[in-house]
Amino acid sequence: MTMTIDPVAAAAERLRQAYAGAPVASLRDLLDPLDIEGAYAVQAHNTQAWKAGGRRIVGRKIGLTAKAVQQQFGVDQPDFGVLFEDMRVADGGWLGPGLLQPKVEAEVALVLGRDVADAEPGVDEIAEATDFVVPAIEVVDSRIADWKISFADTVADNGSSARFVLGGEPRPLAGLDLYSCGMVLEIDGQVASVGAGAACLGHPLKAAAWLARTLAERGERLCAGDVVLTGSLGPIAALAPGQHIRAIIGGLGTVSFNYEGAR
């Protein structure tokens with residue numbers, strides 16, 4: 001009797017095992033590299049498993065917001081992943097061991113004050129729903145060995161998410177220039193990446209509007225209290241044990257953390 005393998009369940013299980021062990025092979029044997037629906041099905045499978053295990057969703061992250069990175073993966077859209085409360089690192093705090101091959105990027109984070117009920121929101125609707133804005137650092141990681149990922153790999157792997165750090169001084173959106181705001185990401189006091197708000201899908205609010213529309217198509221929505229990491233403002237940088245990471249974003253201030261080390 002021939003056994004039929006459920007590729008979604010098999011891919012989800014492979015990724016979950018990697019969290020407690022070592023990076024695993026690409027999912028190419030289970031998912032076509034451009035199988036968007038299959039990849040999100042894997043992500044949803046693990047999201048439900050983690051929720052059942054007690055993890056609490058606190059928001060979403062957006063990835064692949066830079067056109068150059070989209071071209072690298074042969075796609076014409078960003079992707080998203082889920083943020084859980086246990087992924088949060090305190091501003092100025094310490095990130096302990098447990099990651100596999102982490103990297104860091106600086107972003108604008110929105111914290112919503114009300115639900116985004118419109119199925120086709122634009123930037124105005126996102127602005128109206130935003131309670132405050134803070135600078136953020138996202139720590140990304142891949143459960144796929146050597147970061148040799150396809151688009152389906154990173155989507156299935158919860159957008160290659162790991163941890164996030166939010167700045168401690170919330171600012172109202174009114175009066176902020178999130179388009180031309182400059183960003184500097186420092187590692188141990190040395191410049192590791194520079195960028196601007198326009199690098200994030202043309203504007204961080206445009207990225208958030210894309211996310212809200214995409215979630216609506218899937219029967220979900222952004223809700224009051226959600227954290228939205230809108231996407232990187234500049235190139236990603238590798239992270240090594242013992243480093244101090246700080247991001248400065250014009251008009252928003254600073255955010256930082258310390259990386260304690262590997263496993």
Sub-3.5 Å donor-acceptor pair from the side chain of Asp157 to the main-chain atoms of Arg143, do we have one? yes
Note: Ser193 and Pro235 closest approach over all heavy atoms is OG-O, 2.7 Å
**Item:** side-chain contact (heavy atoms from CB on, under 4.5 Å) evaluation trace for Val116 with Arg221
**Value:** CA-CA 7 Å; Val116 179; Arg221 66 179 177 180; 5.7 Å; no
Scanning both residues in full, the closest heavy-atom pair of Ala208 with Ile126 reads CB-CG2, 3.7 Å
Next item on the list: State plainly whether one hydrophobic cluster holds both Ile187 and Ile248, where clusters connect Ile, Leu, Val, Met, Phe, Trp and Tyr through side-chain heavy atoms under 4.5 angstrom apart.
Entry: no
From the list Ile36, Asp153, Val42, side chain to side chain contact (heavy atoms under 4.5 Å, CB included) partner of Leu31 resolves to Val42
Shortest non-hydrogen pair, Glu107 vs Ile249, comes out as O-CD1, 3.2 Å
For this session: Taking the side chain as every heavy atom from C-beta outward, state whether Glu138 and Ser232 have any atom pair closer than 4.5 Å.
Result: no
Do Trp210 and Ile62 have side chains that approach each other closer than 4.5 Å (heavy atoms only, starting at C-beta)?
yes
Handout entry: Beyond-backbone contact of Leu233 with Val108, side-chain heavy atoms, under 4.5 angstrom
Key = yes
Quiz item: Is a salt bridge present between Glu85 and Arg55, judged by a nitrogen-to-oxygen distance below 4.0 Å?
Solution: no
Original post:
Are any of the side-chain nitrogens in Glu125 or Arg114 under 4.0 Å away from the carboxylate oxygens of its partner?
Top reply: no
Between the CZ atom in Phe132 and the CG atom in Leu173, the distance rounded to the nearest 0.5 Å is 12.0 Å
Quiz item: Are Tyr19 and Leu83 co-members of a hydrophobic cluster defined by side-chain heavy atoms under 4.5 Å apart?
Solution: yes
So CD1 of Ile57 and CG of Asp226: to nearest 0.5 Å the spacing works out to 9.0 Å
Heavy-atom nearest pair, Asp29 first then Arg14, reads OD2-NH2, 2.8 Å
- Task: Flag the pair Trp94 / Phe257 as yes when at least one side-chain heavy-atom distance between them is below 4.5 Å, and no otherwise.
- Result: no
Inset, instruction - If the plane angle is over 60° it's perpendicular, under 30° parallel, otherwise tilted; pick one for Tyr40 and Phe80. - result: parallel
Quick one: does any side-chain atom of Asp115 pair with a main-chain N or O of Ala117 as donor and acceptor, under 3.5 Å?
no
### Side chain Arg60, main chain Leu211, donor-acceptor under 3.5 Å
no
Separation between CG (Asp141) and CG (Leu99), nearest 0.5 Å, reads 5.0 Å
Validation row: Asn46, Asn158 side chains within 4.5 angstrom (heavy atoms): no
- Item | Beyond-backbone contact of Val123 with Lys206, side-chain heavy atoms, under 4.5 angstrom | yes
task = Group every Ile, Leu, Val, Met, Phe, Trp and Tyr by side-chain heavy-atom contacts under 4.5 Å, then state whether Val155 and Leu30 land in the same group.
result = no
_Taking Val134's backbone N and O only, do any of them form a donor-acceptor pair with Glu169's side chain (distance below 3.5 Å, no angle check)?_
no
Hydrophobic cluster membership, with links at side-chain heavy-atom distances under 4.5 Å among I/L/V/M/F/W/Y: are Trp147 and Leu15 in one? yes
dist Gln43:CD -> Thr154:OG1 (nearest 0.5 Å) comes out at 9.5 Å
Report task. Check whether the side chains of His244 and Asn258 place a donor and an acceptor atom closer than 3.5 Å, and report yes or no. Result -> yes
Without swapping roles, check the side chain of Asp131 against the backbone of Leu112 for a donor-acceptor pair under 3.5 Å.
no
* Is it true that a side-chain atom of Asp91 and a backbone atom of Gly168 form a donor plus acceptor pair closer than 3.5 Å? -> yes
Using only heavy-atom distances, determine whether the side chains of Ser142 and Ser160 contain a donor-acceptor pair under 3.5 Å.
-> no
Legend entry - Ring geometry between His203 and Tyr179 (parallel below 30°, tilted from 30 to 60°, perpendicular above 60°): parallel
To the nearest 0.5 Å, atom CG of Leu178 lies from atom OG1 of Thr230 at 8.0 Å
Interatomic distance, CG@Leu110 vs OG1@Thr130, rounded to 0.5 Å, equals 4.5 Å
Smallest heavy-atom separation, Gly251 atom then Leu176 atom, equals O-CD2, 3.5 Å
(request) Check whether any side-chain heavy atom of Val255 sits under 4.5 Å from a side-chain heavy atom of Leu166, and report yes or no. (result) no
Smallest heavy-atom separation, Ala212 atom then Pro121 atom, equals CB-CG, 3.5 Å
Q.
Does any part of the side chain of Val139, heavy atoms only, come nearer than 4.5 Å to the side chain of Lys103, both counted from C-beta?
A. no
May I ask you to decide if Val8's main-chain N or O and Asp6's side chain share a donor-acceptor pair within less than 3.5 Å?
-> yes
Quiz prompt | Backbone N/O of Leu34 and side chain of Asp32: donor-acceptor pair under 3.5 Å | solution = yes
Across all chains, not counting sequence neighbours, the salt bridge (charged side-chain N to carboxylate O under 4.0 Å, His left out) partners of Glu186 are Arg246
